[in-house]
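Here's the structure we're looking at; comments come further down.
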Amino acid sequence: MESKQTVVEVRGLTKVFRDFWMRPRVTAVQDLDLSVRKGEVIGLLGPNGSGKSTTIKMILGLLFPTKGHISLFGKPPTDVALKKRVGYLPEDSNLFRFLNAVETLDFYGRLFHLPPSERKRRIEMLLGMVGLEGAMYRPIGEYSKGMQRRMGLAQALVNDPDLLILDEPTTGMDPIATRQMKDLIRHLHERGKTIILCTHLLGEVEDVCTRLVIMFGGRIRAQGSVDELLSVPELQNIEVEPLRPETIEKIDALIQSEEQKKIRKVETPRMRLETLFLNVVEKAEKEGLQTSGATTGGRLAEFLGESAGDRALDLDSLVQSLPRPEPVAPAQTETETPALDHDLLRTMSGDEPVETPGLEEGLEPVEPVSEEADYDLLEDLTGAERPKKKPSSEIEADPETEGPR
Amino acid sequence: MKFTRSIGARWGLSFLAGLVLLSLWFWLVDGASPLEVLRFFTTASSDVAPPVPFGRVGGVLLVLFVLAWALGLGIVLIQKLLGIGYGPMPVARLVVREATRMRGSVVPIFLLLLVLAIIPATLNTDSPLRYRIQSYLAYSLNVTSLMLGALTVFLGCFAISNEIQEGQARSIFSKPVQRFQYLFGKVLGISVLNALLVAVCGLGMAFVTTTWLARLPALDDYDSNAVREQILTARQVIYPQAPFDLEADAQERLARLQEDNPGWIEERGGVATVYRELLHQVRTEWLSIGPHRQQTYIFSGLQNARDRGEMLQMRFLIEMMPEPPDRILRVVLLANGRQTSLATTIRSAQVVSVPADFIDENGVLELTVVNLDPSDPETLPVASISFPAKDGLQVLFKVDDFLPNLFRSMLLIWVKLVFLAMLSVCAGTFLSFPVACIFALTIWVLAAGSSEILDSLHFTPHEHSHGHETEEQATDFIYERIVVPTMTLMVSGFRKYSYLDVSSRIVDGRNIPWGIVRQYLFWIGLVWSAAIGLIGWLIFRNREIARVQV
C-alpha cells in the first residue's frame with residue numbers, strides 16, 4: 001500500500017512557545033525531521049508533553065513553526081485548498097454541544113462544499129458506521145464522551161480524506177468502539193489512505209501502525225516498524241495443544257541437551273478481556289436488548305472506498321477476528337527444528353510451519369530488531385523493564401511476545 | 001421536503017393553538033366573543049373600529065404570542081436562507097443556531113420580547129393617551145437598542161474567542177475555510193439574527209401602537225389629534241435661518257478678543273474653545289428677545305408643505321428669566337403678517353397649528369415674535385425670552401406615515417448593530433471573552449454617548465475658586481490639555497454613530513429621511529464596519545488557532 005510519494009514532509013521543525021513578553025518559555029518541538037509516505041499508518045507516540053500534538057497542529061497549520069519547513073501534499077500547510085484532502089480528529093472532539101449529529105456533519109460537509117445530496121448520503125453512511133443512527137437527533141451535549149469520539153471520527157471522515165490525522169482517537173471509547181477504530185484504520189490503510197495516529201496508549205498502535213515514531217522532549221527518539229521496535233529476539237514462543245507434564249519435561253530435557261537452555265515458562269493462555277467483552281455485548285444485542293447510547297456500528301461507509309462496501313465492521317466479524325494472535329517470530333521454528341526428537345517436535349508444531357494469522361491481516365513478518373530501537377526510552381514510556389540477558393532460571397517470558405491467546 | 005412539511009406543520013399548528021387559547025382567554029376573562037375580536041382585528045380604520053376587546057393581561061398575552069410566533073417563524077426562515085451556499089454561510093447558520101439554542105442568548109431575547117409586551121400594560125391610564133404612546137415608544141425603542149446591543153456584544157465576543165478557547169476552531173480550520181470567510185460568517189450570522197430581532201421588535205411596536213394603544217380612548221379631541229398629528233406621523237422639521245452669518249459674527253468677535261485680550265483666550269482653553277463659546281453666544285442672542293421687542297425668524301423650504309395643504313405645527317420651547325409669577329408666558333406671533341397670539345407655560349414644548357396657506361408662494365414662512373402681552377400691550381414684560389438653540393423653535397409638517405418612519409428607525413438601529421457585531425467579533429479574535437466584552441462595551445458606550453460626551457467636554461464651566469489657585473490651575477491644565485484632547489480624539493470619530501437620536505425622532509413624530517438612512521448604511525454599516533473588519537482580519541490571520549498544553 002505504501003508508495004514513494006511523500007504526503008507530509010517535515011524538516012528541522014522547531015516550535016518555541018513564548019510568554020506574554022515574548023520571552024521563550026518552552027521548546028515543544030526541536031529540529032524534527034519526519035517524512036510520511038502515501039499509504040503509511042504512522043503512530044506518533046510519546047508521553048504527555050513530548051511534542052506530538054504540537055507537531056500535528058503545525059502540520060495542520062493551526063500553529064506556526066518557529067523554525068523549519070513543513071509541506072503537506074507538496075504545499076505549505078497554510079494553503080487552505082489542500083485541507084480538502086485532510087481529515088482531523090482532535091484530541092477533545094471539540095464538537096458543538098448545541099448541534100445534533102446530523103447538523104454537525106452537515107456543517108462540516110458544507111465546509112467541504114459537498115453538494116446536498118452527497119452530504120445527505122455521507123451523513124447517513126457515517127452515522128451508521130459509527131453507530132450513532134439512534135442518537136442522530138440528540139444534541140451532542142447529551143452524548144457520552146465515547147459517543148462524542150465516534151462523532152468526531154465521523155466528522156473527520158466526511159470528506160473522504162487522503163490524509164487522516166487522529167489525535168488520541170480512542171480516548172473515552174468502549175472496547176467495541178476501540179476495536180472498530182482499529183479495524184477502520186486497517187481498512188483505510190488497505191485503501192491506500194495515509195494515517196497519522198497520535199497517542200500515548202501503546203496498545204492502540206501496535207495492531208495497526210506500519211511505522212512508529214517515538215517522541216520525547218520535542219525530539220524523535222526512535223522510529224521504525226512495529227516489529228522492529230517491539231520484537232525481543234532473545235526469546236521464542238512455541239504454541240501447541242495442551243501437553244502432559246511428562247512431555248514438557250521431555251521437551252525441557254531435549255532443549256537442555258541440544259541448546260543448553262531451559263524452558264522459562266509454561267502456561268495456559270487466557271482469552272483476552274476484549275474478546276470476552278465483545279462476546280457479552282454480541283449476546284445482549286442478539287437478545288434484542290436496547291441501549292440509549294451508541295450501538296456497535298455498521299458497515300464501513302461506502303464513499304470511503306470504491307470497493308470498501310463489502311468491508312463489514314459489524315460485531316460478528318470483530319469477534320471472529322479477535323482470537324487471532326499478535327504477530328510472532330514465525331518461520332524460525334521450522335528452520336531451527338532440532339534433529340534429535342522429530343516426533344516430539346512434530347507434536348508441538350505439526351508438519352507445517354507455525355501459523356501466523358497476523359500475516360493475513362496485512363502485517364509483515366518480523367524483521368530482526370533494529371538498532372534504532374531505544375529501549376531506555378521504551379522503559380520511560382511503558383514502565384516495563386528492558387529485556388535483559390539474565391540467568392535462564394530468573395527470566396520469564398515477555399507476555400507481549402506470546403502467541404495466540 | 002418531508003422536513004419542510006414537518007416544520008411548516010409545526011408552526012401552523014402552534015399558530016392555531018395560540019389563537020384558540022387567546023380566543024378562550026378573551027372570551028372567558030375579558031368577555032369578548034371570538035366574533036367581536038375578529039371584527040376588531042379586521043377593522044382597519046380606527047374611526048369605525050370597535051373598542052379594544054381585551055384587557056391588559058389579554059393584551060400582553062396577545063403581543064407575546066405575536067412576537068414569539070414571528071420570532072420562531074423567522075428563525076426557521078433565516079436558517080433556511082443561510083442554508084443556501086457555502087463559504088461563510090455555514091458559519092453564519094452556525095451562529096444563528098448557537099444564539100437560538102444557548103441559554104445565554106435565548107434568555108435575553110425572551111426577556112426583550114416580554115418587556116415589549118408588558119410595557120403597554122404598565123402605562124398610567126390616567127395620563128393623556130399621547131403621553132402613554134410616547135412613553136411606550138421611547139421605552140421600547142431604548143430597551144430594544146440597549147438589549148440588542150448588549151446581546152450583540154455578547155454573541156460577537158463569544159463567537160470566536162470561545163471557539164478558540166474550547167477548541168472547535170481547530171476542527172473548523174482543519175477544513176478548507178479561509179479565515180476571512182469565518183470572520184465574515186460570524187458577523188453575517190449575528191447581523192442576520194439582529195435583522196430578525198429588530199424586525200420582530202419593530203413589528204411588536206407597530207402592533208402595540210397602532211392596533212392596541214392608538215385605539216384606546218383619548219382624553220379629549222386635542223389628545224386624539226395630538227396622537228394622530230404629532231406622534232403617529234412622520235414630520236419634517238424646518239429650523240429658522242439666521243438673517244446674518246452666525247459664524248462670521250463669532251469669528252469677528254474672536255478676532256477682537258485676540259487683539260484686545262489674548263491672555264484671556266488662553267485662560268479659557270484656547271482659540272477653538274473660545275470660538276465655540278462665542279458661536280453659542282451669538283446664536284443665543286439671535287434666539288433671544290428683550291421686553292417689548294420683536295424678532296423675525298425665517299423658515300424656508302416649505303413649498304412641499306404648502307402643496308400638501310395640511311396644517312403646519314409650530315413647536316416652541318421658551319425659556320424666560322426671571323420667570324413670571326404665574327409661569328405663563330404671553331407673546332404675539334405674526335406668521336407672514338397674520339397675527340396669532342400665544343399663551344403658554346414656560347419650559348415645556350408647545351405646539352401651535354398654522355394653516356398651510358400662511359406659507360407664501362416661495363415656500364417661506366416669516367415668523368415674528370413680539371415679546372409683549374397681547375391682552376395688556378402697555379404693560380412692560382418683566383424679562384427677556386429665549387428659544388434654546390437646539391430645538392427651541394421649529395416648524396413641522398407631515399411628509400410620511402408613522403409605520404414607514406418606524407421601519408427606517410429600526411433600519412438605523414440594525415445598521416448600528418452591524419457595526420457593533422463587527423467590532424465585537426474582531427475583539428474576540430485577539431482577546432479572551434471577558435476582555436473582549438469589556439473592550440467592545442467601552443467602544444459602544446463611547447460611540448453611543450459621543451454627542452453628549454463632546455458637548456459636556458466643550459461646555460464645562462471654567463470657574464475658578466479663590467484660595468487654591470495652584471491646585472486649581474494644575475487640575476485645569478490636566479483637564480484642558482490632557483483629558484479634553486484625549487477624550488475628544490477618542491470620541492469625535494464616533495460622533496456620527498450618535499448623531500441621530502432615533503428614539504426622540506419617533507417619539508416626536510419626526511421624519512427620518514431615507515438620505516440619513518443611506519448615509520448610516522454607507523458610513524457605519526459599510527465603511528466603519530469594513531475598516532474594523534480589516535483590522536480584525538489582519539490580526540486573526542496571524543493568530544495561532546490551537547492552544548497546546550506544554
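To find a chain, count down the sequence lines: A is the first, B the second, and so on, and within it residues start at 1. No experiment lies behind these values; they were computed from the predicted model shown.
The distance from the OG atom of B:S171 to the OH atom of A:Y108 is 4.0 Å, given to the nearest 0.5 Å. Between the OG atom in B:S174 and the NZ atom in A:K57 there is a gap of 11.5 Å [rounded to 0.5 Å].
The minimum heavy-atom distance linking A:K84 with B:P176 is given by the pair CG-CG, 3.6 Å.
When side chains are defined from C-beta on, B:I172 counts as touching A:F107, because their heavy atoms get closer than 4.5 Å. Looking at heavy atoms from C-beta onward, B:M102 lies out of side-chain contact with A:F98 at the 4.5 angstrom threshold.
Of the listed residues (A:V80, A:L62, A:L111), just one forms a side-chain contact (heavy atoms from CB on, under 4.5 Å) with B:F173, and that residue is A:L62.
Contacts of B:R101 with chain A are made by side-chain atoms alone, with heavy-atom separations under 4.5 Å and no backbone atom involved. When heavy atoms are compared at a cutoff of 4.5 Å, A:S50 does not approach chain B at all. Residue B:E163 touches chain A through its side chain alone, counting heavy-atom pairs closer than 4.5 Å. For B:R103, no part lies near chain A; criterion is any non-hydrogen pair under 4.5 Å. Neither the backbone nor the side chain of A:L89 comes within less than 4.5 Å of any heavy atom of chain B. Using a 4.5 Å cut-off between heavy atoms, A:P77 does not touch chain B at all. If you measure heavy-atom distances from A:D106 to chain B, the contacts under 4.5 Å come from the side chain alone. When heavy atoms are compared at a cutoff of 4.5 Å, A:L99 approaches chain B by way of both its backbone and its side chain.
In terms of non-hydrogen atom pairs under 4.5 Å with chain B, the most contact-rich of A:T78, A:L60, A:L114, A:L82 is A:L114. Your options are B:Q181, B:Q178, B:R179, and the one with the most heavy-atom pairs under 4.5 Å with chain A is B:Q178.
A salt bridge is absent between B:E166 and A:R97; no separation between the charged side-chain nitrogens and carboxylate oxygens falls under 4.0 Å. Using a 4.0 Å cut-off between a side-chain N of Lys or Arg and a carboxylate O of Asp or Glu, A:K15 and B:E544 qualify as a salt bridge.
Relative to the six-membered ring of A:F112, B:K175 misses at least one condition, a distance below 6.0 Å or an angle of at most 45° to the axis.
With hydrogens and angles ignored, the 3.5 Å screen pairs no side-chain donor or acceptor of A:R110 with any backbone N or O of B:V91. The main-chain N or O of B:Q168 is never found under 3.5 Å from a side-chain atom of A:N94 such that the two would form a donor-acceptor pair.
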